[in-house]
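Quick notes on the structure that follows.
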Amino acid sequence: VSPTSGYVSAEQKIVNKGEIVTPEIAQILDSYKAEYNKVFGYEGPRILLVLGDILIALALVVILYFCIFFTHREIFDKPKRYFYLLTVFTLTAVASFLVERIAPNVVYLMPFAIVVLYLQAFFPKRVVLPVYMVSLLPLLIFSGNGVELFFLFLSAGIVSMNTFKYFNRGWLQFVNALVIFGVELLVFFGFRLIDAGHSLVWINVLQLLGGAMLTVAFYPLIYVFERMFNLVSTTRLVELTDTNNKLLREVN
């Protein structure tokens with residue numbers, strides 16, 4: 001005996017706003033909710049869900065610790081740099097978790113590539129890459145399409161880490177943003193081709209473009225972090241050693 005009755009076609013509208021919900025429509029909605037919770041949701045005790053999230057968070061912290069220990073353990077001897085790294089990691093991980101839980105429809109708008117620039121301003125690349133990968137793990141764990149999001153933002157971050165040194169001033173930062181968008185778009189199209197069952201959503205493409213441009217808008221926050229943690233970024237050092245700087249010209 002089949003446990004199901006009837007069917008709903010792809011992109012079929014089940015009920016319109018203001019329409020009376022009949023018993024048949026209610027049955028369809030209840031069935032859809034049950035199937036959704038079975039695949040993506042959680043129906044167990046709330047306390048177990050909270051404990052599970054706590055354990056995952058602790059596991060991420062442990063992974064972060066070993067990433068730092070095996071790549072640049074000297075950071076532990078410099079509390080300001082260490083706390084800055086923890087702050088960036090925590091903000092990224094929390095943003096990944098909250099966006100996926102509260103507003104998953106705007107996850108493509110998140111400028112995760114900016115995290116690479118925040119880290120690269122104060123740490124060598126051998127530290128930046130593993131920390132950035134760990135900070136993206138919540139997307140891989142909690143998101144329904146986590147593999148796509150993880151690979152998309154990881155690719156954009158790696159490319160940005162290497163291109164920003166060429167496009168790090170003035171309007172050139174928009175060039176770097178376009179490079180980020182191009183990489184994300186390439187990965188996005190790749191997953192659309194693999195998953196032929198999903199149609200191309202152009203609003204997601206626009207969100208990727210907006211997120212890439214937000215990296216330019218959010219980058220000046222690095223100067224706020226400099227003040228907060230009393231650090232000097234590589235960007236500041238480049239500005240101070242610029243031979244076109246008026247103050248340096250007067251000294252000469």
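These numbers were taken from a predicted model, which means no experiment stands behind them.
Taking the side chain as every heavy atom from C-beta outward, Phe150 and Leu137 approach each other to under 4.5 Å. Contact of the Leu221 side chain with the Tyr118 side chain is registered, since non-hydrogen atoms from C-beta on lie closer than 4.5 Å. The shortest distance between side-chain heavy atoms of Thr163 and Ile180 does not fall below 4.5 Å.
Counting heavy-atom neighbours within 6.0 Å of Leu58 CG, excluding the residue itself, gives a total above 12.
Of the possible polar contacts, one joining the Glu19 side chain to the Asn16 backbone as a donor-acceptor pair under 3.5 Å is found. Remark: the backbone N or O of Cys67 is paired with a side-chain donor or acceptor of Thr71 at under 3.5 angstrom. In terms of modelled atom types and a separation under 3.5 Å, the side chain of Ser160 and the main chain of Gly157 share no donor-acceptor contact.
The aromatic rings of Phe225 and Phe229 sit tilted, their planes meeting at an angle between 30° and 60°.
Scored by the ring pair (Phe, Tyr, Trp, His ring centres under 6.0 Å) test, Phe76 finds Tyr65, Tyr82 as partners (sequence neighbours excluded). Scanning for ring pair (Phe, Tyr, Trp, His ring centres under 6.0 Å) contacts around Phe218 gives an empty result, with sequence neighbours left out. Taking the side chain to side chain donor-acceptor pair (under 3.5 Å) definition, one finds that Asn105 meets it with nothing, sequence neighbours left out.
Sorted by first and then second residue, the pairs that involve residues 146-159 and meet side-chain hydrogen bond (donor to acceptor under 3.5 Å, both in side chains), not counting sequence neighbours, are Tyr108-Glu148, Glu148-Arg192.
To the nearest 0.5 angstrom, Leu186 atom CG is 11.0 Å from Phe191 atom CZ. Leu60 CG to Phe89 CZ: the interatomic distance, rounded to the nearest 0.5 Å, is 5.0 Å.
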### Stepwise side-chain contact (heavy atoms from CB on, under 4.5 Å) check, Phe122 with Ile222
CA-CA 10 Å; Phe122 302 99; Ile222 199 168; 3.9 Å; yes
### Task
I would like to know whether Leu119 and Val88 meet side-chain contact (heavy atoms from CB on, under 4.5 Å); could you show each step before the answer?
CA-CA 8 Å; Leu119 294 173; Val88 174; 3.9 Å; yes
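Hydrophobic cluster of Val175: the remaining members, joined at side-chain heavy-atom separations below 4.5 Å, are Tyr166, Phe167, Trp171, Leu172, listed by chain and number. In this structure, Val159 shares a hydrophobic cluster with Val179, Val183, the cluster being traced through Ile, Leu, Val, Met, Phe, Trp and Tyr side chains under 4.5 angstrom apart.
You'll find the ring centres of Phe164 and Tyr219 inside the 6.0 Å limit.
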